[in-house]
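Here is the structure we will look at, set down as structure tokens.
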Amino acid sequence: MSHPLFDTGFYGRLRQQAGSQWHAYIGHDFVRQLGQGTLPPAAFRHYLTQDYLFLLHFARAWGLLISKLSEPAALRSATASLNAIVSELPLHQAYCQQWGISEAAMASEPEAVETLNYTRYVLDVGHTGDALELLTALMPCVAGYAEIGLTLLHDPATRFEGNPYAAWIENYGDEAYLAGVRSSLSLFETLARQRAGEHRFHPLAAIFTTATRLEAAFWQMGLNHAAAQRISS
């Protein structure tokens with residue numbers, strides 16, 4: 001999908017540099033099956049549970065980012081993003097309950113290897129690097145989900161009537177979500193200018209692409225879980 005929100009600036013260059021890894025993420029079979037309404041429910045339920053656990057660590061990563069900032073506007077922007085994630089948790093819980101998954105069940109579920117790999121990678125980048133490196137690791141999730149949501153919303157092949165995943169698609173293409181993404185992208189571009197992003201492009205691109213690969217693995221985790229359930233039954 002071509003969209004100025006994703007194609008421009010330092011973020012756009014990193015996204016382009018990720019190349020086939022980026023397209024494997026946003027065009028993953030999991031995503032396509034969401035749009036067509038054919039995704040196995042077992043895959044989606046497993047994804048929802050692991051996404052809840054992921055969000056807990058994602059919030060920690062944004063908290064770590066805040067600790068690395070000092071400029072008031074940057075602090076306000078990052079704090080708003082953290083608050084949005086924390087506010088999203090009850091909504092995520094309510095959505096999961098519609099799929100028969102309680103918060104207690106999610107909290108007691110072991111973290112999948114893919115969840116561990118992704119969240120600990122982001123936190124490791126945050127603990128060993130600066131604010132720009134950490135936000136680089138966070139952006140494939142933040143902006144990638146918006147790109148996926150908008151792409152599915154405007155794809156003629158996407159089915160909404162009778163699609164059990166229609167609400168998920170609409171949520172990530174919603175203007176309220178996009179407003180948060182724009183704010184995060186603005187913060188990212190500001191940090192890239194302030195912290196010599198152009199001179200650090202290649203190591204930052206490696207971080208961005210690694211996080212992108214881990215996003216694709218997160219989708220595949222759901223499909224693998226559904227396949228394993230079919231075999232065992």
Side-chain angles (χ1 to χ4, degrees), residues 18 20-61 85 88-124 137-149 151-153 155 157-160 162-173 177 209-233:
S20 61
Q21 299 288 349
W22 186 258
H23 295 294
Y25 160 40
I26 63 167
H28 196 278
D29 282 344
F30 187 102
V31 174
R32 286 200 291 268
Q33 291 177 39
L34 275 173
Q36 295 161 1
T38 59
L39 183 70
F44 193 63
R45 288 192 182 95
H46 187 64
Y47 158 77
L48 283 177
T49 299
Q50 292 300 315
D51 194 43
Y52 171 80
L53 301 173
F54 170 87
L55 282 172
L56 297 177
H57 295 293
F58 206 54
R60 293 175 57 210
I85 294 168
E88 183 183 347
L89 287 171
L91 298 175
H92 189 90
Q93 293 159 14
Y95 186 64
C96 289
Q97 285 175 356
Q98 297 174 22
W99 282 83
I101 312 168
S102 67
E103 182 179 9
M106 289 188 291
S108 64
E109 186 74 15
E111 289 182 79
V113 170
E114 293 83 358
T115 308
L116 286 164
N117 286 346
Y118 191 4
T119 59
R120 299 329 187 266
Y121 173 74
V122 171
L123 287 167
D124 182 62
L138 292 168
M139 289 311 297
C141 180
V142 174
Y145 267 55
E147 183 172 348
I148 288 167
T151 299
L152 290 176
L153 274 177
D155 187 346
T158 299
R159 181 168 66 89
F160 289 97
N163 185 343
Y165 311 115
W168 187 97
I169 295 169
E170 290 164 349
N171 176 67
Y172 287 107
Y177 182 76
T209 302
T210 298
T212 298
R213 287 173 42 226
L214 293 169
E215 278 286 0
F218 206 76
W219 294 138
Q220 189 61 42
M221 167 195 68
L223 295 181
N224 292 346
H225 179 79
Q229 282 207 335
R230 286 196 299 271
I231 293 170
S232 63
S233 62

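The chain is numbered in sequence order, starting from 1.
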Approximate separation, where rounding is to 0.5 Å, of Y165 OH and Q36 CD: 12.0 Å

Quick one: side chains of residues 47-55, donor-acceptor pairs under 3.5 Å with protein atoms, not counting sequence neighbours, listed by atom name and distance.
residue: Y47; atom: OH; partner: Y145; partner atom: OH; Å: 2.9
residue: T49; atom: OG1; partner: R45; partner atom: O; Å: 3.1
residue: Q50; atom: OE1; partner: A112; partner atom: N; Å: 2.9
residue: Q50; atom: OE1; partner: T115; partner atom: OG1; Å: 2.6
residue: Q50; atom: NE2; partner: P110; partner atom: O; Å: 3.0
residue: Y52; atom: OH; partner: E103; partner atom: OE2; Å: 3.1

Any residue meeting side-chain contact (heavy atoms from CB on, under 4.5 Å) with N171, in chain and number order, not counting sequence neighbours: none

Qualifying residues under side-chain contact (heavy atoms from CB on, under 4.5 Å), relative to H57, sequence neighbours excluded: R60, E111, T119, R120, L123

Straight-line distance of I148 CD1 to L34 CG, nearest 0.5 Å: 9.0 Å

Qualifying residues under side-chain contact (heavy atoms from CB on, under 4.5 Å), relative to T210, sequence neighbours excluded: Y121, R213, L214

Smallest separation among heavy atoms of A24 and A216, with atom names: O-CB, 4.2 Å

D29: partners by side chain to side chain donor-acceptor pair (under 3.5 Å), with sequence neighbours left out: R32

Taking every non-hydrogen atom, the tightest pair across G162 and P164: O-CD, 3.4 Å

Straight-line distance of L39 CG to L223 CG, nearest 0.5 Å: 6.5 Å

A146: side-chain contact (heavy atoms from CB on, under 4.5 Å) partners, not counting sequence neighbours: F6, Y177, L178, V181

Closest non-hydrogen atom pair, A211 against A137: CB-O, 3.5 Å

Contacts of H28 that satisfy side chain to side chain donor-acceptor pair (under 3.5 Å) - sequence neighbours left out: Q220

Under the side chain to side chain donor-acceptor pair (under 3.5 Å) test, residues paired with Y25 that sit two or more places apart: none

Spacing of L138 atom CG and I85 atom CD1 [to the nearest 0.5 Å]: 7.5 Å

H46: partners by ring pair (Phe, Tyr, Trp, His ring centres under 6.0 Å), with sequence neighbours left out: H225

